[in-house]
Chemist: 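The structure is given below, and queries will be raised subsequently.
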Amino acid sequence: MAKWTPKHEAPEPLEGPVVATITGGTILWFVLFLVQIPFYRWFDDHGHLWWVWTCLAGAGLGLIGIWYVRKRDAAIKRAAAAGGAGGATPGTTAESAAS
């Protein structure tokens, strides 16, 4: 069997509002946790208590994610402002490196 090789190069990764996306997801996880609290006894009786704690864990990990992507964005902006020797740094797009 012949080895498969791609016919074209992979596209550049999409860069979007990463901080807003992670913040929105974190808020959603926390809201889901709060909505489930009044039904705690039902979840416990039916063996689904892990749903409640999964939502809380999602919110907690989301807080770490917010911290991480804010630091990442700040580093990308610093690198673009410094205009390093190579221009764009890994994780930046051509537009953000040019500005």
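Side chains are part of it too, since the values below use all heavy atoms of this structure and drop only hydrogens, waters and symmetry mates. Computed from a prediction, not measured in an experiment: that's the story for all the values here.
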Chemist: Are I27 and L63 co-members of a hydrophobic cluster defined by side-chain heavy atoms under 4.5 Å apart?
Modeler: no
Chemist: Treating Ile, Leu, Val, Met, Phe, Trp and Tyr as nodes and any side-chain heavy-atom pair under 4.5 angstrom as an edge, say whether I22 and L14 lie in one connected cluster.
Modeler: no
Chemist: Rounded to the nearest 0.5 Å, what separates atom CD in Q36 from atom CH2 in W51?
Modeler: 7.5 Å
Chemist: Please name the residue in the list L28, V35, L34, L32 that meets the side chain to side chain contact (heavy atoms under 4.5 Å, CB included) test with C55.
Modeler: L32
Chemist: What I'd like to find out is whether the side chain of F33 reaches to under 4.5 Å of the side chain of W53, using heavy atoms alone.
Modeler: yes
Chemist: Between D73 and R70, does any NZ, NE, NH1 or NH2 come within less than 4.0 Å of an OD or OE carboxylate oxygen?
Modeler: no
Chemist: Between F30 and I37, is there a shared hydrophobic cluster once you connect ILVMFWY residues whose side-chain heavy atoms come closer than 4.5 Å?
Modeler: yes
Chemist: Could you pull out the closest heavy-atom pair between T26 and A59, with the gap in Å?
Modeler: CG2-O, 3.5 Å
Chemist: For residues T23 and V19, report the shortest heavy-atom separation together with the two atoms involved.
Modeler: OG1-O, 2.7 Å
Chemist: Quick one: does Y68's side chain get under 4.5 Å of K71's, heavy atoms only?
Modeler: no
Chemist: Checking side chain to side chain contact (heavy atoms under 4.5 Å, CB included) between V69 and each of I64, V18, T21, which is the one that passes?
Modeler: V18
Chemist: To the nearest 0.5 Å, how far apart are CG in D45 and CZ in R41?
Modeler: 6.5 Å
Chemist: Might you work through the side-chain contact (heavy atoms from CB on, under 4.5 Å) test for L56 and V52, ending with a clear yes or no?
Modeler: CA-CA 7 Å; L56 187 60; V52 177; over 6 Å; no
Chemist: What pairs with H46 under side-chain hydrogen bond (donor to acceptor under 3.5 Å, both in side chains), at least two apart in sequence or on another chain?
Modeler: W42
Chemist: Checking side-chain contact (heavy atoms from CB on, under 4.5 Å) for the pair W29/L61: CA distance, chi angles, key distance, verdict?
Modeler: CA-CA 10 Å; W29 277 115; L61 290 171; over 6 Å; no
